[in-house]
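Letters go in sequence order (proteins before strands), and every chain restarts at 1. The basis for the numbers below is simple: all heavy atoms, side chains too, and nothing from hydrogens, waters or symmetry mates.
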Amino acid sequence: MDGNSSEIEKNNIEENWSTTVRFAGDSGDGMQLTGGRLTFEAAISGMGLATFPDYPAEIRAPAGTTFGVSSFQVRFGEGLIASSGDHADILVAMNPAALKVNIKEVLPGGLLILDSSSFNDRGIKKAGYEENPMENNSLAGLQIISADISNLTIEAVKEFGLGNKDGLRCRNMWTLGLILWLFTKEISETVDWLENKFGKDSILTKANVAALNAGHTYAENSEISSDILRKVVPKSTPKKGKWRAITGAESLAFGLATGAIKSKLNMTLCSYPITPASPIMHYLANYELKGISIYQAEDEIAACCSAIGVSYAGGLGVTSSSGPGISLKTEAIGLAVSVELPLIIINSQRAGPSTGLPTRAEQSDLMQAIYGRHGEAPLVVLAPKSPSDCFEIAQKAIYISIKYMTPVMILSDAYLTNASEPWLIPDISKIKDNSVSFGEYHENYMPFERNPDTLARKWVKPGTKGMEHRIGGLEKDSISGNISYDPENHQKMTNLRAKKIQNIQKEFNKIEIIGPDKGDLLVIGWGSTNGPISEARELLTNKGYTISHSQISCLWPISDSLKVIASKFKSVIVIEMNDGQLFNLLKVDTIPNAKSLTQVSGKPFRVSHLIDEFKNIIELGN
Amino acid sequence: MSINEEPTKLKPTDYASDQEVRWCPGCGDYAILNAVKKTLADKQAKKENTVFVSGIGCSSRLPYYMATYGFHTIHGRAPAFAAGIKITNPELDVWVITGDGDALSIGGNHFIHLLRKNLNCQVLLFNNEIYGLTKGQASPASRTGTISPSTPGGSLEAPISACELALSSGGTFIARGVDTAIKQLVPTLSKAQEHLGTSLVEIYQNCIVYNDDVFKSFTDKSVALEKQIHLEHGEPMLFGENNKKGLSINKDYSGLEVIDLELNEKDISRVLIHDYTNKTIANLLTQMDQNSMPVALGIIYCVEKPTLDQYYTEKLNKHKNEISNIMEKGQTWTI
Ligand code: SF4
């Protein structure tokens, strides 16, 4: 049903007021930037918000084609805003291709803002339309603001001597001006921002401000119907303090750095370029933080091995990648398990198998994270549930990795990496210190002697006099660490490695449940599904349904208490963006009668979809 | 010296761990192990600052036999571990122990990038032209026609030359030695250790079980003088009985040729003087055909270039930002 929006039906659950705006155009159209500005305007009004950029795997696909369309979606409003919105209330489409790709996402009665000058024969054909969608009936039921944005912009910036090409670059500011007016916003914040960015007297600033103004004035003078106007009246009262927007990638970078600083360790992130994980490396490279560096290795395997080398030498080794790269690292991760050294592995999961959909999110590497190594090679698997949670999880991962001398894998995903939300900037000085104590000289040092509580061996770094020792991937004697082929010793070491990881359950307090601790339905999720699940739960709760939600942070070891918790609910459903991996894991003996809801489309769950499923279960009692 | 004080002088045996050495009796690895221990003793290297990092293979067991720090890692990847170690603690003296399969086949990528990045460490490549630990398959260094369990009809592939590859990868120190020739090997290892940057020492190592005598054509005592040339920087490239042979550029400048000085003493003027900073000659030295030419041993090439660890240390020293400032950079708002 390409080019038609009639398939979307509004859910009959009444929602808190929120609005979702999607900006779409060619990668050169500056849509991410425009979206970012609107996000900022919403943020400073104290609204809840969530954003999601969507961009193609191709870097610069030909202009005007459907596969070159990139977009940025921002949703803001009052109450809980945890997902970037199922559908758009407003779509800004800078060309026919952008319209074609995104029209399915627009709600009935939604608003389209189109640049009419791009709807010429050439543009229409390039987008693959048979005829001009503005002239046939295909946009029926939608409100349309169609303006000759290109020419109006060129007109507005003419006096600054910009040619057509450069003038057209200001189209996004013109559009922003119009959007700001729709939300009863002034342009002054954006003018300040432009002046800051390009300099007060720069021609670029002047031209962009002129375009912005022109868009704003255009909206004021045109006859946009009054029901499009949706005045923003924030009701939420966010915590006091200094806020900023944060993406999952930035949050992970901050969390890693904070964890390393609090442990008094130098940290090196060893990585190899891969979509969508690279931003973490870029951020850390640019921050130039004391004691923190990045190392771009020759390949994924080397990146992991170098990170282990960093930890071996007494630093904190981190390696970050996505599915294909994680596959390559697995042998080295097994070595880190065997020699029991700290190591943080970040997997920004993308849709697979193989190259799959590199820019789209999926949660299908869970089994790989838990079991994907040869031999019995247990490690800890954690999953952040939101961009801000990435900050906490990264620190927790470091804390566990050092305390227990074990690799920890963080399962993020393409959605979390790029999505952003408001974040209360924490006071770093209030975060507890976690200084590492390296093993110092003592007589009769045994490299695999363990702390009886944590079962961790001592971290002794090269350079420590009198403690020289050898470690490696061969099985080692459970105390001396010397090579051992003894069958009983191997059994003992296998048990010890498993027990050490199981022990880590105690690092996680009770499993957090939102909602009552018994009732009709417990929804279990992990990772980035938190946004849509939380919203669906809240909306249903407001309607009188009893529904509880637990988003699991520690996926391995799985908490023994989950079994008890789940037994208090009539039904349990596991939500995930894979073919049911956590579900299968829990089915074995934790929650044998759990249900599963999965989706592997590369897109986040829609809140409305979850609402329907949850209602069904509760109402039908199955 | 009071009785409680550590003996100030360490002997080669002081660098041996308490682990029993488990190579096959007669394996060339024993001689190399001794040369390594002697090199460390000569330098009075601090045990605690010395780290041996290895991959997988017979040679890669060496770290277990040293009383220093040691890390026996995974197949082919030792250079990558070494990089992590050195960028974290550049003070450590890191020795990468590898073999021809480990470095030139499964770890080929790490090998070339280590050399390109010029990490300050030593790479001892034990070349026995065979896979020993997996029971004798042909390796990428095996000569064409090598008969092995995986190539019963004789291998078809052409061998790779470690030194030639190292040169083209941007290596800054490239040397060769023979396992049992400890007298020559120790000074080479010593120079390798002193060199700032990646020092590759290819060591011809006899695998007595799976590839015995493969280097006999130039290592056997009876032919060694005629078939080996020991390079000394600044000295003429002479070899043979009474140094009566020399190396020179051939007439069409495509390679080196042997000049017999017994035929014409005056030809001494044509004999090349070894300048180990000359990459072109270094290339020709590594390309000499073992059948018709002597094998070049000693330091073939040596130049100074910035090292990876130096780059890292300098870069990290410049990192001065505090996390809290970075978090507040950019657009913020206060509520
Ligand atoms: S198999 Fe060959 S290389 Fe390996 S230990 Fe035995 S003799 Fe040495």
Leading residue by heavy atom contact count with chain B [cutoff under 4.5 Å; candidates A:E250, A:K240, A:K242]: A:K242

Heavy-atom side-chain proximity of B:T50 to A:E468 below 4.5 angstrom: no

side-chain contact (heavy atoms from CB on, under 4.5 Å) between B:K117 and A:E298, intermediate numbers included: CA-CA 10 Å; B:K117 295 181 179 201; A:E298 60 270 24; 3.8 Å; yes

I need the residue from A:G314, A:A257, A:G473, A:P462 with the largest number of non-hydrogen atom pairs under 4.5 Å to chain B. A:P462

State, with a plain yes or no, whether a side-chain heavy atom of B:R61 is found less than 4.5 Å away from one of A:L474. yes

Please identify, among B:N49, B:L316, B:N317, the residue contributing the most non-hydrogen atom pairs under 4.5 Å to chain A. B:L316

Contact class of A:F391 relative to chain B, heavy atoms under 4.5 angstrom: side chain

What closest approach, in Å, do A:Y485 and B:R22 show between heavy atoms, and which atom pair accounts for it? CE1-NH1, 3.4 Å

Hey, does B:H110 have a side-chain heavy atom less than 4.5 Å from the side chain of A:D299? yes

Would you mind checking which part of A:L289 comes under 4.5 Å of any heavy atom in chain B, side chain (CB onward), backbone (N, CA, C, O), both or neither? both

Would you say the side-chain atoms of A:S306 pair up with the backbone N or O of B:A80, donor to acceptor, closer than 3.5 Å? yes

Selection from B:K329, B:E91, B:K318, B:H72 maximising heavy-atom pairs under 4.5 Å formed with chain A: B:H72

Atom group of B:T73 that falls short of 4.5 Å from chain A, counting heavy atoms: both

Is it the case that the side chain of B:E48 and the backbone of A:T464 share a donor-acceptor pair, with hydrogens and angles ignored and the cut-off at 3.5 Å? no

Given that the side chain runs from C-beta out, which part of A:A43 has a heavy atom under 4.5 Å from chain B: side chain, backbone, both or neither? both

For the side chain of B:H319 and the backbone of A:I292, is there at least one donor-acceptor N/O pair under 3.5 Å apart? yes

Below 4.5 Å from any heavy atom of chain A, which atoms of B:K46 appear? Answer side chain, backbone, both or neither. neither

Part of B:Y312 within contact of chain A (heavy atom distance under 4.5 Å): side chain

Winner by heavy-atom pair count (cut-off under 4.5 Å) against chain A, out of B:G70, B:A83, B:S324: B:G70

Cut-off 4.5 Å, heavy atoms of chain B, and the answer for A:M267 is neither

I'd like to verify something: which residue of A:A332, A:A302, A:S429 has the highest number of heavy-atom pairs under 4.5 Å with chain B? A:A302

Looking only at A:Y287, A:W193, A:W423, A:Y312, most heavy-atom pairs under 4.5 Å shared with chain B are made by A:Y312

State whether the side chain of B:N89 and the backbone N or O of A:A313 hold a donor-acceptor pair below 3.5 Å, judged by distance alone. no

Minimum heavy-atom distance B:S17-A:R470, with the two atoms named: CB-NH2, 3.6 Å

Supply the atom-to-atom distance B:I87 CD1 to A:T268 OG1, rounded to the nearest 0.5 angstrom. 4.5 Å

Is any side-chain heavy atom of B:L308 closer than 4.5 Å to a side-chain heavy atom of A:Y295? yes

Would you please test A:H469 and B:Y69 for side-chain contact (heavy atoms from CB on, under 4.5 Å) and show each step? CA-CA 5 Å; A:H469 64 280; B:Y69 282 91; 3.6 Å; yes

Any idea which of A:T258, A:I261, A:V460, A:L335 has the most non-hydrogen atom pairs under 4.5 angstrom with chain B? A:L335

Which of parallel (below 30°), tilted (30 to 60°) and perpendicular (above 60°) describes A:F40 and B:W333? perpendicular

Please report the interatomic distance CD1(A:I301) to NE2(B:H75), rounded to the nearest 0.5 Å. 12.0 Å

Closest heavy-atom contact between A:C305 and B:R77? SG-CB, 3.6 Å

Taking the side chain as everything from C-beta on, heavy atoms only, tell me whether A:K290 gets closer than 4.5 Å to B:E322. yes

Atom NE2 of residue position A:H442 - does it have more than 12 heavy atoms of other residues, nucleotides or ligands inside 6.0 Å? yes

The interface call for B:I326 against chain A, heavy-atom contacts under 4.5 Å, is both

Residue selection (most heavy-atom pairs with chain B, distance under 4.5 Å) from A:N266, A:I425, A:I246: A:I425

Flag, side chain of A:R244 to backbone of B:M327, donor-acceptor distance under 3.5 Å: yes

Rounded to the nearest 0.5 Å, how far apart are OG of A:S338 and CD1 of B:I74? 11.0 Å

